[in-house]
Amino acid sequence: MIPFVRGLPLTVLLEPGRSLVAAAGAMLTRVIAVKESHGKRFVIVDAGMNDLLRPALYGAHHRIEPVVSRGGAMTRVDVVGPVCETGDFLARARELEEVAAGDLLAVRDTGAYSFVMSSNYNQRPRPAEVLVEEDGVRLIRRRETFEDLVRTEV
């Protein structure tokens, strides 16, 4: 980019944080159930719109894939959370390898969005955060508890 703007009477500002941090994170979620209703297949997971708001808020796309692939057939599904809201989804009409209850899914490119945009909506504690480093992993934020949710109430 520099060769194109060099010598121009302007100041160029870049915000590389999102492009660097977003791809550096993944949110893990476990499949609670798979069901069909009205000709649609739903993959219900334990993460909801309070954990990753972007898809529900403005239709953002995050890749979702099984942590352990079984090489199964691809199926068109809606990946939805456990919060009883029509907006509680992580993906709509998405091709996803067939999964079953108990499977772990990775929601990709969430580093700049997941925890920082999360909430305790519907009395849901936020999950733990783990940092993956060259030589292993370490907990950097513990999972919230119910006591954390009510601590400031009087």
Begin with the C-alpha distance, continue with both residues' side-chain angles, and end with the deciding distance and a verdict on side-chain contact (heavy atoms from CB on, under 4.5 Å) for D88 and T86.
CA-CA 6 Å; D88 186 24; T86 56; over 6 Å; no
pair [X]-[Y]: side-chain heavy atoms closer than 4.5 Å:
| X | Y | value |
| --- | --- | --- |
| L105 | V99 | yes |
| L139 | E129 | no |
| S119 | N50 | yes |
| L96 | V79 | yes |
| V43 | V80 | no |

Is it true that the side chains of [X] and [Y] contain a donor and an acceptor less than 3.5 Å apart?
| X | Y | result |
| --- | --- | --- |
| T29 | D46 | yes |
| E95 | T75 | no |
| H61 | R54 | no |

Path from [X] to [Y] over hydrophobic side-chain contacts below 4.5 Å:
| X | Y | result |
| --- | --- | --- |
| I64 | M117 | yes |
| F4 | L8 | no |
| F115 | I140 | no |

Backbone N or O of [Y] within a donor-acceptor pair of the [X] side chain at under 3.5 Å?
| X | Y | answer |
| --- | --- | --- |
| R92 | D78 | no |
| E144 | R126 | yes |
| T145 | P125 | no |
| N122 | V83 | no |
| D109 | H62 | no |
| E97 | G71 | yes |
| D103 | V31 | no |

If you look at every heavy atom in [X] and [Y], which pair is closest and at what distance?
| X | Y | result |
| --- | --- | --- |
| R70 | E98 | NH1-O, 4.3 Å |
| Y113 | A22 | CE1-CB, 3.6 Å |
| A47 | P82 | O-CD, 3.5 Å |
| A56 | M49 | CB-CB, 4.2 Å |
| L90 | M27 | CD1-CE, 4.1 Å |
| T110 | V107 | CG2-O, 3.4 Å |

One thing to verify: whether D148 and R143 come together as a salt bridge, which I'm taking to mean a side-chain N less than 4.0 angstrom from a carboxylate O.
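Not counted as a salt bridge, because no side-chain N and carboxylate O are separated by less than 4.0 Å.
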Derivation of the side-chain contact (heavy atoms from CB on, under 4.5 Å) call for D51 and R124:
CA-CA 9 Å; D51 299 307; R124 290 177 44 85; 3.0 Å; yes
side-chain contact (heavy atoms from CB on, under 4.5 Å) evaluation trace for R94 with R76
CA-CA 5 Å; R94 184 76 60 84; R76 185 172 296 267; over 6 Å; no
